[in-house]
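The figures here come from the full heavy-atom set of this structure, side chains too, leaving out hydrogens, waters and symmetry mates. Note that the structure is predicted; figures quoted are calculated from it, not measured. Residue numbers run from 1 in the order of the sequence given.
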Amino acid sequence: MNIRAYKDKDYKEVKSILQGGKRFYDDWDKRAHWRVKIENDSNSILVAEEDGKVIGSILMIKDPWISFLYRLVVKKGYLV
């Protein structure tokens, strides 16, 4: 498994995983919103991939005082 920064080309796979986990929200998860998020901080969304396919993701908010990890999703079939 490889963990790396999310790229815009990952959007469809991540969206599908979020939808599968009933965690996709039309208002929050627009592709344009995700683009802005990674333009502001290229490491604010991470993806896990196996054999070149995205199998999970997590979003982060960081500041000097506190960090939040949220919206962790893993593709069905990859949880142990």
Side-chain angles (χ1 to χ4, degrees):
M1 181 182 346
N2 181 45
I3 306 294
R4 63 168 175 79
Y6 165 88
K7 297 177 179 146
D8 185 60
K9 69 179 180 67
D10 300 319
Y11 182 78
K12 286 183 181 181
E13 287 180 279
V14 173
K15 179 180 178 180
S16 175
I17 296 167
L18 285 164
Q19 288 171 323
K22 299 186 184 341
R23 296 292 180 257
F24 182 82
Y25 302 103
D26 289 326
D27 291 338
W28 295 358
D29 295 321
K30 290 179 175 30
R31 190 172 197 159
H33 291 165
W34 286 50
R35 284 181 185 146
V36 169
K37 185 159 178 53
I38 62 171
E39 285 171 6
N40 290 329
D41 180 352
S42 62
N43 290 310
S44 62
I45 305 172
L46 299 178
V47 296
E49 63 181 2
E50 191 167 282
D51 299 323
K53 295 188 177 203
V54 174
I55 61 168
S57 66
I58 190 164
L59 283 73
M60 297 177 283
I61 297 174
K62 301 175 280 182
D63 72 30
W65 296 100
I66 194 164
S67 297
F68 294 97
L69 303 174
Y70 64 105
R71 308 287 303 288
L72 171 66
V73 291
V74 178
K75 191 173 188 175
K76 288 182 182 181
Y78 286 89
L79 292 175
V80 196

- request: Please round to the nearest 0.5 Å and tell me the distance separating atom CD1 of Ile58 and atom OH of Tyr6.
  value: 15.5 Å
- request: Apply side chain to side chain contact (heavy atoms under 4.5 Å, CB included) to the pair Asn40 and Lys37, showing each step before the final yes or no.
  value: CA-CA 5 Å; Asn40 290 329; Lys37 185 159 178 53; 6.0 Å; no
task: Kindly say whether Ile17 contributes a backbone atom to a donor-acceptor pair with the side chain of Lys76 at under 3.5 angstrom?
output: no
message: Within this structure, what is the CD1-OH distance for the pair Ile61 and Tyr70, rounded to the nearest 0.5 Å?
response: 4.0 Å
query: Between Asp29 and Lys15, is there a salt bridge with N-O shorter than 4.0 Å?
result: no
- line: Interatomic distance, NZ@Lys75 vs CD1@Ile55, rounded to 0.5 Å, equals 9.0 Å
query: Is any side-chain N of the basic residue among Glu49 and Arg4 closer than 4.0 Å to the acidic one's carboxylate O?
result: yes
task: I would like to know whether Ile45 and Trp34 meet side chain to side chain contact (heavy atoms under 4.5 Å, CB included); could you show each step before the answer?
output: CA-CA 8 Å; Ile45 305 172; Trp34 286 50; 3.4 Å; yes
- prompt: Could you state the interatomic distance from CD1 (Ile3) to CG (Leu46), rounded to the nearest 0.5 Å?
  reply: 7.5 Å
message: Show the nearest heavy-atom pair for residues Ser42 and Ala5, with the distance to one decimal.
response: O-CB, 3.4 Å
- prompt: Same cluster or not: are Val74 and Val54 linked, directly or through other Ile, Leu, Val, Met, Phe, Trp or Tyr residues, by side-chain heavy atoms under 4.5 angstrom apart?
  reply: no
- request: Verify, without hydrogens or angle tests, whether Ser16 (side chain) and Glu13 (backbone) share a donor-acceptor contact under 3.5 angstrom.
  value: no
- prompt: Does atom CZ of Arg23 have more than 12 heavy-atom neighbours from other groups under 6.0 Å away?
  reply: no
- prompt: Once you round to the nearest 0.5 Å, how far does CG of Asp10 lie from OG of Ser57?
  reply: 9.0 Å
task: Group every Ile, Leu, Val, Met, Phe, Trp and Tyr by side-chain heavy-atom contacts under 4.5 Å, then state whether Met60 and Phe68 land in the same group.
output: no
task: Return yes if some donor-acceptor pair links the side-chain N/O of Gln19 with the main-chain N/O of Phe24 below 3.5 Å, else return no.
output: no
Over 12 non-hydrogen atoms of neighbours within 6.0 angstrom of NZ in Lys9: yes
task: Would you indicate whether the side-chain heavy atoms of Trp28 and His33 approach each other to under 4.5 Å?
output: no
message: As an exercise, state the distance from CG of Asn2 to CG of Asp51, rounded to the nearest 0.5 Å.
response: 11.0 Å
- request: Please lay out, stage by stage, how Lys62 and Asp41 fare under the test side chain to side chain contact (heavy atoms under 4.5 Å, CB included).
  value: CA-CA 9 Å; Lys62 301 175 280 182; Asp41 180 352; 3.1 Å; yes
